Amino acid sequence: MNLIEELRWRGMLHDFMPGTEEQLASGMTTGYIGFDPTAHSLHIGNLATIMLLVHLQRAGHKPIALVGGATGMIGDPSFKASERSMLSEETLQFNQAGIQKQLEKFLDFDCGANSAEVVNNYDWMKDFSFLGFLREVGKHLTVNYMIKKDAVQKRLNVSEEGEGRAEGISFTEFSYQLLQGYDFYHLYKHKNVLLQMGASDQWGNITTGTELIRRIDGGKAFALVGKLVTKSDGTKFGKSEGGNVWLDPNLTSPYQFYQFWLNLADDEAKKLIKVYTLLPQEEIEGLISQHDEAPHLRTLQKALAKEVTTRVHSAEDYMAAVEASEILFGKGDINALKKLSEDLLLTVFEGVPLVSVSRSDFESAATVPDLLADATQQQVFESKGEAKRMIQNGGVNINRQKVSLFDAGNGFELLHNKYLVVQKGKKNYYLLAVTE
RNA sequence: GGGGAGAUUCCAGAGUGGCCAAAUGGGACGGACUGUAACUCCGUUAGAGUAAUCUUUCGAAGGUUCGAAUCCUUCUCUCCCCA
């Protein structure tokens, strides 16, 4: 199966330029995708794009991941309603290092001719003078061309519905597409890159690149964009209650990461298992029909969670997440908790907020609200009233036992003479540690 | 420059002197149900208190009144229409 067919059945293909398929068929083609260092970690939205590179490589082509050290300094205006705030150079450098490391996890850098590469556009942009850039690059495209891009229209026009007015676009952000276009040209020139991929919102920026290659060099380069992953209700995908789902285990713990996939709605799991795993078509179809027969078993979510957690983190992290989930959502009661060694307890509750309470505060807290609001310095509950209300609603568990009276004293048994497992609602856990 | 409208608790939006911590809807959170789901239903949604009740809150600051989100004054900001 060639790349296009592969992406098509997976539902990942949005559009590509005429001739792309022929180019890919003609032999090993080098393609790249850029990632701007807007944060020090990539999130699962980026991961969908990374999968494009993975598929490119699996189809026998050569993938290049570009870290946008230069473009990140500018900010991509595509389809954004407002001007973005600029990141400081220290932040950018920190972010670049972070995402470069992550990118390296997903591609094969040692498989002969089509080994992956990572490049940073800062390396070739840093020495460009402003005048040089205007003369060598800017001259080749008209503002008329650049302004026509859908991606910038949002910032130029007052919408007809009157639902807001254009905020305007700075010259800086307007220039973004030129930078990205030049990247493509540079890679075309120096690394024989003929294809740029990306999410569908990058179409405009990518075609600026192919246009630049055509005008400067008379060359022919290609574009292929993937579908933007959205939730079935059309809202942004990749956000959980806690915000973005990051690939960095310090931002989103492997347990939380695993839980995110496990909790997907059925329809989403069906869609996403094709995007985020490399399982072959027959296997996925099998899983889907298996799932439909007994949806409550959530075969799909489990398979998806396993694949992605293992790929992004590790097999060990996956196992630990499964184990933690069983303890937290299984029948585990206080006895199950008591059986855990201190190490295992901490492992299970890794990623769960750890709340320290001094021994004296712990002992002087007369009631549960005192303990969970005051003694924890509002880390579990904002106020005693809130704690009380939730207890009255039956929403508080300590050591997996429901707290039924809000004025009950705190005669709880500390695990390992130190810990208390506090549950606020079903899914919000806190590990209370009594410190001396 | 001229004329008009408005600013309310997370959001939208009622409330025009006491019955207002403030209707209603949304969101969020909790509970029941369930598949750690969806749907549905129920509850909570300023702080303190077991409670009675008290404290802070309706753009800001003053004032009138026994009593103000509601009346008056000034200020700040927003929106609309006409030039």
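Just so you know, these numbers come straight off a predicted model, no measurement behind them. Below, read A as the first sequence line, B as the second, and so on, with proteins coming before strands; counting in each chain starts at 1.
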Using the [atom1] atoms only, state how far [M] lies from [N], rounded to an integer number of Å.
{"N": "B:U9", "M": "B:G4", "atom1": "C1'", "result": "28 Å"}
{"N": "B:A14", "M": "B:A5", "atom1": "P", "result": "16 Å"}
{"N": "B:G18", "M": "B:G67", "atom1": "C1'", "result": "6 Å"}
{"N": "B:A7", "M": "B:U16", "atom1": "C1'", "result": "16 Å"}
{"N": "B:G15", "M": "B:G30", "atom1": "C1'", "result": "29 Å"}
{"N": "B:G62", "M": "B:C39", "atom1": "P", "result": "49 Å"}
{"N": "B:G26", "M": "B:U40", "atom1": "P", "result": "11 Å"}
{"N": "B:A22", "M": "B:G2", "atom1": "C1'", "result": "38 Å"}

What nitrogen or oxygen pairs link the protein and nucleotides 54-58 of chain B at under 3.5 Å?
none

Under 3.5 Å for both donor-acceptor distances, Watson-Crick or wobble: does [N] have a partner, and if so which one?
{"N": "B:G67", "result": "none"}
{"N": "B:U50", "result": "none"}
{"N": "B:U36", "result": "none"}
{"N": "B:U45", "result": "B:G27"}
{"N": "B:A60", "result": "B:U74"}
{"N": "B:A14", "result": "none"}

Mind listing the N/O atom pairs, protein and nucleotides 34-37 of chain B, below 3.5 Å?
unit_1: B:U34; atom_1: O4; unit_2: A:K426; atom_2: NZ; d: 3.1
unit_1: B:G35; atom_1: O4'; unit_2: A:H296; atom_2: O; d: 3.3
unit_1: B:G35; atom_1: O6; unit_2: A:D266; atom_2: OD2; d: 3.0
unit_1: B:G35; atom_1: N1; unit_2: A:D266; atom_2: OD1; d: 2.9
unit_1: B:G35; atom_1: N1; unit_2: A:D266; atom_2: OD2; d: 2.9
unit_1: B:G35; atom_1: N2; unit_2: A:D266; atom_2: OD1; d: 2.7
unit_1: B:G35; atom_1: N2; unit_2: A:Q301; atom_2: NE2; d: 3.0
unit_1: B:U36; atom_1: OP1; unit_2: A:R298; atom_2: NH2; d: 3.3
unit_1: B:U36; atom_1: O2'; unit_2: A:N263; atom_2: OD1; d: 3.0
unit_1: B:U36; atom_1: O2'; unit_2: A:K427; atom_2: NZ; d: 3.3
unit_1: B:U36; atom_1: O2; unit_2: A:Q259; atom_2: OE1; d: 2.8
unit_1: B:U36; atom_1: N3; unit_2: A:Q259; atom_2: OE1; d: 2.8
unit_1: B:U36; atom_1: N3; unit_2: A:Q259; atom_2: NE2; d: 3.0
unit_1: B:U36; atom_1: O4; unit_2: A:Q259; atom_2: NE2; d: 3.1
unit_1: B:A37; atom_1: OP1; unit_2: A:K427; atom_2: NZ; d: 3.2

Verify whether one side chain among A:K62 and A:S115 offers a donor that lies under 3.5 Å from an acceptor in the other. no

The test is side-chain contact (heavy atoms from CB on, under 4.5 Å); show your working for A:Y182 and A:N121 and say whether it passes. CA-CA 10 Å; A:Y182 182 77; A:N121 59 12; over 6 Å; no

Is the ring centre of A:W246 less than 6.0 Å from the ring centre of A:F257? no

Ring centres under 6.0 angstrom apart (A:Y32, A:F184): yes

Identify each atom pair where a protein N or O and an N or O of nucleotides 38-43 of chain B are less than 3.5 Å apart, giving names and distance.
unit_1: B:G43; atom_1: O2'; unit_2: A:N393; atom_2: OD1; d: 3.2

Checking side-chain hydrogen bond (donor to acceptor under 3.5 Å, both in side chains) for the pair A:T207/A:T210: CA distance, chi angles, key distance, verdict? CA-CA 5 Å; A:T207 50; A:T210 58; 5.4 Å; no

Locate the shortest heavy-atom distance separating [X] from [Y]; write the atom from each residue and the value.
{"X": "A:A305", "Y": "A:Y318", "result": "O-CD1, 4.5 Å"}
{"X": "A:K227", "Y": "A:H14", "result": "N-CB, 3.7 Å"}
{"X": "A:L431", "Y": "A:V352", "result": "N-CG1, 3.7 Å"}
{"X": "A:R10", "Y": "A:K274", "result": "NH1-O, 2.9 Å"}
{"X": "A:V275", "Y": "A:M51", "result": "O-CG, 3.4 Å"}

May I ask you to list the residues of residues 382-392 of chain A, by number, that have any heavy atom positioned under 4.0 Å from an atom of RNA chain B? A:S383, A:K384, A:G385, A:K388, A:R389, A:M390

Pairing residues for A:S289 by the side chain to side chain contact (heavy atoms under 4.5 Å, CB included) criterion, not counting sequence neighbours: none

Of all residues at least two apart in sequence or in a different chain, which pass the side chain to side chain contact (heavy atoms under 4.5 Å, CB included) check with A:E386? A:F381, A:E382, A:S383, A:R389

Whichever of A:K402 and A:D374 has the more 5' nearest nucleotide on RNA chain B, that residue is A:K402

What do you reckon, is CZ of A:F109 surrounded by more than 12 foreign heavy atoms closer than 6.0 Å? yes

Output, in order, the C-alpha distance, side-chain angles, deciding distance and verdict of side-chain contact (heavy atoms from CB on, under 4.5 Å) for A:L278 and A:H55. CA-CA 8 Å; A:L278 294 172; A:H55 284 294; 3.4 Å; yes

Rounded to whole Å, CG of A:D370 lies from C1' of B:U50 at a distance of 13 Å

Could you walk me through whether A:E342 and A:Y419 satisfy the side-chain hydrogen bond (donor to acceptor under 3.5 Å, both in side chains) test, starting with their C-alpha distance in whole Å, then the side-chain angles of each, then the deciding distance to 0.1 Å, before giving a yes or no? CA-CA 9 Å; A:E342 182 166 0; A:Y419 303 103; 2.8 Å; yes

